[in-house]
**Q** 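Provided herewith is a single structure, encoded as structure tokens, for subsequent inquiry.
Order of appearance sets the numbers: ligands from 1, and atoms from 1 within every ligand. Scope of the values below: all heavy atoms of this structure, side chains included, with no hydrogens, waters or symmetry mates.
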Amino acid sequence: MESIDIRPQALREAAMTILEAGGSEPGEARIVADHLVLANLSGHDSHGVGMLPAYERTLSNGTLKTNRTVELVRDDGAIMMFDGGMGYGQVVGRQATAAAIERCRTSGVVLAPVRYCHHLGRIGTYGEQVADAGLASLHFVNVVGHPALVAPYRGTDARYSTNPICLSLPGSDAQPPILLDMATSRIAHGKARVAHNMGEEAPEGSLIDHRGRKTRDPGVLFRQPAGALTSFGDHKGYGLAVFCELLGGMMSGGRTAQPEHEMEGTIINNMFMIVFDPDRLVPRSAMEHELAALVAHVKASPAAEPDEPVLVPGDPERVSRIERAEAIPVDAESWRQIVAAGERLGVDPEKLDAMVAS
Ligand code: NAD
């Protein structure tokens, strides 16, 4: 499938134009566009500008609210509970994370659930925000508001969604931050969407069809009756996904995937977030030494394939950001869908094409 190479800055400006046409103030459009393009730069096209058509749909059905500020609904020392009011997750999630970082400076640890965010995007963004502040974090997120996508282990139909988890530790001069950021499904739903748009097969074992049979055809997720994604690591990934429901959905005061809650044709993320200051546990110099030594130790394992060395979580994204610094490949079908979404919001398609051609 054909793709076009777009300069990151041109892609940011095109995304901003669409977001502003959707009603966002320039500051909001900038934060969301930066988040989406950073996801593309990081190699996660599933959570990049390809999400704009989905955002246009939820803007149009009134479930995504522009220009929201996160609300602190409970403030109890080391517990800060937030409500995103269905604002852009990239904005309200960032605000909640910033508030948790600030409180953590005095309390040493903060438990900060944030409920009712429209799509938070790449959860690693919040782990990076915390790591950049020299702190550490854990994030358990559930995804509701639309039909389920992932089948429970041993099940044959979808019951919940791709419930991501992110764990982050700050780095040092010697070692960049360690950041594990992953869906609990074998592949993220957006990766199946991109594979479908590219006419490619999904990885072995990542999908079942509507009868519960294994398949590699990502199209099973995009036609009715729909198939489902599977959990990573069989019962283990499934177990973590259940905890994303219980921590992210239930303990945030949001909602879980059980059917008493409506499916409104939207994307709701509820995030259970813990931020802590490593300095309260071990001396910074000892932590930095141990981290660098541990990373060096695991990376010294001889590679099974000569051109596939051992990495640590966060490395692939760093490599991708270097590789894509000048040009991000966007597949032609995704670009067509982005332009069509922009047009529905009143943006001239020729203007968007001209922006990215420069
Ligand atoms: P992935 O499988 O590409 O990577 C998962 C993690 O593994 C990353 O931290 C990566 O650095 C690490 N990794 C990859 N290869 C590695 C290697 N060889 N050695 C060591 N570590 C390695 O990610 P994914 O599961 O497809 O998730 C993609 C994105 O989707 C994430 O940013 C996630 O937050 C996002 N997501 C968001 C939602 C939502 O509702 N907002 C839902 C699901 C996923």
**Q** For Arg186 and Asp234, run salt bridge (charged side-chain N to carboxylate O under 4.0 Å, His left out): C-alpha distance rounded to whole Å, both residues' side-chain angles, the deciding distance at 0.1 Å, then the answer.
**A** CA-CA 9 Å; Arg186 174 96 169 67; Asp234 299 334; over 6 Å; no
**Q** For atom 28 (C) of ligand 1, find the nearest protein heavy atom and state the residue, atom name and distance (0.1 Å precision).
**A**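 Protein heavy atom at minimum distance: His44 ND1, 3.5 Å.
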**Q** For a 4.5 angstrom cut-off between non-hydrogen side-chain atoms, does Met80 reach Leu111?
**A**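 Answer no - side chains too far apart.
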**Q** Answer side chain, backbone, both or neither: which part of Val143 comes under 4.0 Å from ligand 1, heavy atoms only.
**A**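 It is the side chain that gets close, since no backbone atom is under 4.0 Å.
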**Q** Go through it in stages, so that I can follow the logic: the residues are Glu343 and Lys351, the test is salt bridge (charged side-chain N to carboxylate O under 4.0 Å, His left out), and I'd like the CA-CA distance, side-chain angles, deciding distance and then a yes or no.
**A** CA-CA 10 Å; Glu343 191 173 12; Lys351 179 179 170 184; over 6 Å; no
**Q** Report the C-alpha separation of Arg284 and Glu290 in whole Å, then their side-chain angles, then the decisive distance to 0.1 Å, and conclude whether the salt bridge (charged side-chain N to carboxylate O under 4.0 Å, His left out) test is met.
**A** CA-CA 10 Å; Arg284 179 76 42 163; Glu290 199 65 25; over 6 Å; no
**Q** Tell me which one of Val141, Ile165, Thr162, Asn270 satisfies side-chain contact (heavy atoms from CB on, under 4.5 Å) with Cys244.
**A**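 Checked Val141, Ile165, Thr162, Asn270 against Cys244; only one passes side-chain contact (heavy atoms from CB on, under 4.5 Å): Ile165.
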**Q** Under 4.0 angstrom from atom 2 (O) of ligand 1, is there any protein heavy atom?
**A**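 Given the 4.0 Å limit, the answer for atom 2 (O) of ligand 1 is no, no protein heavy atom qualifies.
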**Q** Run the numbers for me: atoms of ligand 1, each under 4.0 Å from some heavy atom of Pro313, listed by number.
**A**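 Answer, ordered by atom number: 11 (O), 20 (C), 21 (N).
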**Q** Can you name the atoms of ligand 1, numbered from 1 with element, that are less than 4.0 Å from a heavy atom of Thr162?
**A**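 Close to Thr162: 42 (C), 43 (C).
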**Q** Please identify which atoms of ligand 1 are closer than 4.0 Å to at least one heavy atom of Gly314.
**A**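 Ligand 1 atoms under the 4.0 Å threshold to Gly314: 11 (O).
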**Q** Judged by atom type as modelled, is there a donor-acceptor pair below 3.5 Å linking the side chain of Thr230 to the main-chain atoms of Gly205?
**A**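 Flag set: sc Thr230 to bb Gly205 pair under 3.5 Å.
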**Q** Can you name the atoms of ligand 1, numbered from 1 with element, that are less than 4.0 Å from a heavy atom of Ile123?
**A**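 So the atoms of ligand 1 that pass are 34 (O), 41 (N).
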**Q** Considering only protein heavy atoms, which is closest to atom 18 (N) of ligand 1, and at what distance to one decimal place?
**A**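 For atom 18 (N) of ligand 1, the nearest protein heavy atom is Leu311 CD1, 3.8 Å.
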**Q** Taking both backbone and side-chain atoms of Ile187, is any N or O found less than 3.5 Å from an N or O belonging to ligand 1?
**A**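 In fact, backbone or side chain, Ile187 has no N or O that close.
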**Q** Counting heavy atoms only, which of Asn270, Asp181, Val298 is nearest atom 6 (C) of ligand 1?
**A**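 When every heavy atom of Asn270, Asp181, Val298 is considered, Asp181 comes closest to atom 6 (C) of ligand 1.
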**Q** Considering only heavy atoms of Glu317, which atoms of ligand 1 have at least one such atom less than 4.0 Å away?
**A**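 Once the distances to Glu317 are compared, the set is 8 (C), 10 (C), 11 (O).
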**Q** Look at Asp75 together with Arg103 and state whether they make a salt bridge at an N to O cut-off of under 4.0 Å.
**A**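 Arg103 and Asp75: salt-bridged.
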**Q** So do Gln95 and Val91 actually touch side chain to side chain, heavy atoms under 4.5 Å?
**A**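 In contact.
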**Q** Do Phe82 and Val92 touch side chain to side chain, with heavy atoms closer than 4.5 Å?
**A**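 Result no, sub-4.5 Å side-chain heavy-atom pair not found.
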**Q** Would you kindly specify which portion of Glu308 sits under 4.0 Å from ligand 1, judged on non-hydrogen atoms: side chain, backbone, both or neither?
**A**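 No part of Glu308 comes within reach of ligand 1.
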**Q** Considering only heavy atoms of Gly121, which atoms of ligand 1 have at least one such atom less than 4.0 Å away?
**A**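 Those of ligand 1 that fall under 4.0 Å from Gly121 are 37 (C), 39 (C), 41 (N).
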**Q** State yes or no: are the ring centers of Tyr55 and His118 separated by less than 6.0 Å?
**A**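 Ring centres of His118 and Tyr55 closer than 6.0 Å.
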**Q** Which ligand 1 atoms are under 4.0 Å away from a heavy-atom of Asn269?
**A**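 Answer, ordered by atom number: 39 (C), 40 (O), 41 (N).
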**Q** Is the closest N or O pair between Asn163 and ligand 1 shorter than 3.5 Å?
**A**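 By distance alone, the answer is no.
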**Q** Could you check atom 27 (O) of ligand 1 against the protein and tell me its nearest heavy-atom contact, residue, atom and distance included?
**A**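 In this structure, atom 27 (O) of ligand 1 has Ala183 N, 3.6 Å as its nearest protein heavy atom.
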**Q** What about the rings of His35 and His47, do their centers lie closer together than 6.0 Å?
**A**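 So the answer is no for these two rings.
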**Q** When you measure from atom 37 (C) of ligand 1 to every protein heavy atom, which one gives the shortest distance, and what is it?
**A**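 The answer is His47 NE2, 3.0 Å.
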**Q** If you count the atoms of ligand 1 from 1 in the order shown, which ones are under 4.0 Å from a heavy atom of Pro316?
**A**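 Matching atoms, with element in brackets: 11 (O), 13 (N), 14 (C), 15 (N), 16 (C), 22 (C).
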**Q** Tell me: protein heavy atom nearest atom 7 (O) of ligand 1, and distance?
**A**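 Sorting protein heavy atoms by distance from atom 7 (O) of ligand 1 puts Leu180 CD1, 4.0 Å first.
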**Q** Please determine if Asp45 and Arg324 form a salt bridge, counting it only when a charged side-chain N lies under 4.0 Å from a carboxylate O.
**A**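 Between Arg324 and Asp45 there is a salt bridge, with a charged N closer than 4.0 Å to a carboxylate O.
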**Q** Side chain, backbone, both or neither: which part of His189 comes within less than 4.0 Å of ligand 1 when only heavy atoms are counted?
**A**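 Answer for His189: neither.
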**Q** So Thr63 and Asn61, side-chain hydrogen bond (donor to acceptor under 3.5 Å, both in side chains) or not? Walk me through it.
**A** CA-CA 6 Å; Thr63 57; Asn61 72 18; 2.6 Å; yes
**Q** For atom 26 (O) of ligand 1, what is the closest protein heavy atom, and at what distance to 0.1 Å?
**A**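 Answer, as residue, atom name and distance: Lys191 NZ, 2.7 Å.
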